[in-house]
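A short write-up of the structure that comes next.
Since this is a predicted model, take the numbers as computed values, not measurements.
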Amino acid sequence: MIIDANVQPHFRYNAEIRRYLPDVHQLRAIPDVEQQWYQAPGGDYRQDLYGEHYPGSDPATLSRHLFEDAGVDYAILNPLTRGNIADYLLNSRICAAVNDWLLDRWLEPDTTDRFRGTIRVNPEDPRGAVAEIERLADHPKLVQVGVPMQSREPYGKPMFEPIWEAAAAHGLPVAVHINGGNGVDYAPTFAGHAHTYPGYAAFMPLNYFVHLSTLIIEGVFGRLPGLKFVFADGGYDILTPLMWRLDTFWLSMRDQTPWVDRYPSEYLPGHVRFCSSAFDGPPAASHAQRWMEFSGKSELLMYGSSYPHWSASPPTVLAENLDAAQRDKVLWRNASELYGLEAKERAQ
């Protein structure tokens, strides 16, 4: 079995979202999902997807590419919203519109039962985010909560905890993904804005570890034992040195964090997953297999293609140099356990 844990479906055209907005928001100015400061050379999407349909907007085309061509059995759909908008109430309505569109366009018509979806919420509106989770959490095809990686504060801070409590109470992981179309453009690095796309792409996943570190050090994972976070844009290649630093400083300064009752690295298996379509590590098989066991990466990593993004790779790229047990974990077992997905009998 193969589970693609990171797929971004798109609207067919920019104004399609307005059909799902309340009347009072129909004519509001809304960022284009593509309006970002940084664009990949050659375009954000796979070259072969430009044509009849907007990339990632047609369920039949996406199904053919993932289920038939790549051999995927399930696809976890995590649509982007319109980024961070100063009007937090409008932003919450946009998240709700994206959720209704995902149900109407993708999940409800899916007779193959291969799509699963994400409840997008606005972290800047904790009360609204909790209400949106409560509205949709019981839908059998919605399997996680989605938030943007860009944030005014790290996600371990207390103002966000009601959202994480609601997600954990319903058994829903929280997926963090770089968002697009920002109205409020938070700097993508700790020291400001990068000049080029390579700088942006290289530094962006580092922000995951600000969120991850505070979730551990602020005691969120300790207070919410059922809470799980999925960092969907990779970055697991720098997990080991970060956790080494966290473990080292925690050991010498435990009096400041008495609620962290074990090494920070010990929180990873029960609370953290990463998605990637590329193998970020030593290419030689003899080194790759050992490297995957540093910080227990084989227990944490899930295949996620990022389709229709330009960097999307088939499952073989990620799993090529792994041993059989690691390959099973990364391609399907970790995601199957996280999302409660069972193997399907494939047509002969």
Are [X] and [Y] linked by a side-chain donor-acceptor pair shorter than 3.5 Å?
{"X": "Arg152", "Y": "Asn84", "value": "no"}
{"X": "Thr81", "Y": "Asn179", "value": "yes"}
{"X": "Tyr45", "Y": "His309", "value": "no"}
{"X": "Ser306", "Y": "Ser277", "value": "no"}

Next on the checklist: In terms of relative ring orientation, are His10 and Tyr54 parallel, tilted or perpendicular, with 30° and 60° separating the classes?
Outcome noted: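 Rings of His10 and Tyr54: perpendicular, as their planes differ by over 60°.
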Next on the checklist: Check the orientation of Phe67 and Phe115. Use parallel for under 30°, tilted for 30 to 60°, and perpendicular for over 60°.
Outcome noted: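 Answer is tilted, since the angle falls between 30° and 60°.
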Checklist entry - Does the pair Lys297/Asp237 count as a salt bridge with the N-to-O cut at 4.0 Å? => result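 Salt bridge: no.
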Next on the checklist: Could you work out, with salt bridge (Lys or Arg N to Asp or Glu O under 4.0 Å) as the rule, every residue matching Glu153, not counting sequence neighbours?
Outcome noted: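 Scan of Glu153 (salt bridge (Lys or Arg N to Asp or Glu O under 4.0 Å), adjacent residues dropped) gives Lys157.
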Next on the checklist: Restricting to salt bridge (Lys or Arg N to Asp or Glu O under 4.0 Å), what partner residues turn up for Arg135, sequence neighbours left out?
Outcome noted: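 With sequence neighbours excluded, Arg135 shows a salt bridge (Lys or Arg N to Asp or Glu O under 4.0 Å) to Asp100, Glu132, given in chain and number order.
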Return yes when atom [atom1] of [X] has more than 12 non-hydrogen atoms of other residues, nucleotides or ligands closer than 6.0 Å, and no otherwise.
{"X": "Leu27", "atom1": "CG", "result": "no"}
{"X": "Phe249", "atom1": "CZ", "result": "no"}
{"X": "Tyr88", "atom1": "OH", "result": "no"}

Treating [X] as the side-chain partner and [Y] as the backbone partner, does any N or O pair qualify as donor plus acceptor under 3.5 Å?
{"X": "Ser276", "Y": "Ala278", "answer": "yes"}
{"X": "Trp250", "Y": "Val260", "answer": "yes"}
{"X": "Ser336", "Y": "Arg333", "answer": "no"}
{"X": "Glu134", "Y": "Val130", "answer": "no"}
{"X": "Gln47", "Y": "Gly42", "answer": "yes"}
{"X": "Asp280", "Y": "Gly234", "answer": "no"}
{"X": "Asn78", "Y": "Thr118", "answer": "no"}

Checklist entry - Can you name the residues that form a side chain to side chain donor-acceptor pair (under 3.5 Å) with His193, not counting sequence neighbours? => result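 None.
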Next on the checklist: Please enumerate all residues that pass side-chain contact (heavy atoms from CB on, under 4.5 Å) together with Trp244, with sequence neighbours excluded.
Outcome noted: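 Applying side-chain contact (heavy atoms from CB on, under 4.5 Å) to Trp244 gives Thr248.
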Next on the checklist: List the residues meeting side-chain contact (heavy atoms from CB on, under 4.5 Å) with Asp233, not counting sequence neighbours, and say none if there are none.
Outcome noted: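 With neighbours one apart ignored, the set is His177, Ile178, Tyr208.
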Item to check | Residue pair Asp110, Lys141: steps toward the salt bridge (Lys or Arg N to Asp or Glu O under 4.0 Å) verdict | outcome: CA-CA 10 Å; Asp110 172 31; Lys141 287 191 175 183; 3.5 Å; yes
Item to check | Stacked cation flag Arg82 on Phe11, 6.0 angstrom / 45 deg | outcome: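 Pair Arg82/Phe11 counts as cation-pi.
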Next on the checklist: Taking the cut-offs as 6.0 angstrom to the six-membered ring centre and 45 degrees off its axis, would you call Arg116 and Tyr339 a cation-pi pair?
Outcome noted: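 Checked: cation-pi criterion not met.
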Any side-chain heavy atom of [X] within less than 4.5 Å of one from [Y]?
{"X": "Ile76", "Y": "Val7", "result": "no"}
{"X": "Arg114", "Y": "Ser63", "result": "no"}
{"X": "Leu206", "Y": "Ile238", "result": "yes"}
{"X": "Asp4", "Y": "Tyr303", "result": "yes"}
{"X": "Ile133", "Y": "His170", "result": "yes"}
{"X": "Tyr197", "Y": "Pro41", "result": "yes"}
{"X": "Gln326", "Y": "Lys329", "result": "no"}
{"X": "His139", "Y": "Leu103", "result": "yes"}

Item to check | Ring centers of Tyr155, Trp164 separated by less than 6.0 Å | outcome: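 Yes, they do, as the ring centres are separated by less than 6.0 Å.
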Next on the checklist: Determine whether Met302 and Phe274 satisfy the following criterion, side-chain contact (heavy atoms from CB on, under 4.5 Å), listing intermediate values before the conclusion.
Outcome noted: CA-CA 6 Å; Met302 305 185 298; Phe274 291 86; over 6 Å; no
Item to check | Distance, nearest 0.5 Å, that separates CG of Leu301 from CG of Leu322 | outcome: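 Rounded to the nearest 0.5 Å, the CG-CG separation comes to 8.5 Å.
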Distance-only donor-acceptor hits, side chain of residues 213-230, under 3.5 Å, sequence neighbours excluded:
| unit_1 | atom_1 | unit_2 | atom_2 | d |
| --- | --- | --- | --- | --- |
| Ser213 | OG | Phe209 | O | 2.6 |
| Thr214 | OG1 | Gly156 | N | 3.0 |
| Thr214 | OG1 | Val210 | O | 3.1 |
| Thr214 | OG1 | His211 | O | 3.0 |
| Arg223 | NE | Glu161 | OE2 | 2.9 |
| Arg223 | NH1 | Glu218 | O | 3.1 |
| Arg223 | NH2 | Glu161 | OE1 | 2.9 |
| Arg223 | NH2 | Glu218 | O | 3.1 |

Checklist entry - When you look at Asn91 and Glu124, which way does the side-chain contact (heavy atoms from CB on, under 4.5 Å) test go after all the steps? => result CA-CA 9 Å; Asn91 208 17; Glu124 292 291 306; 5.7 Å; no
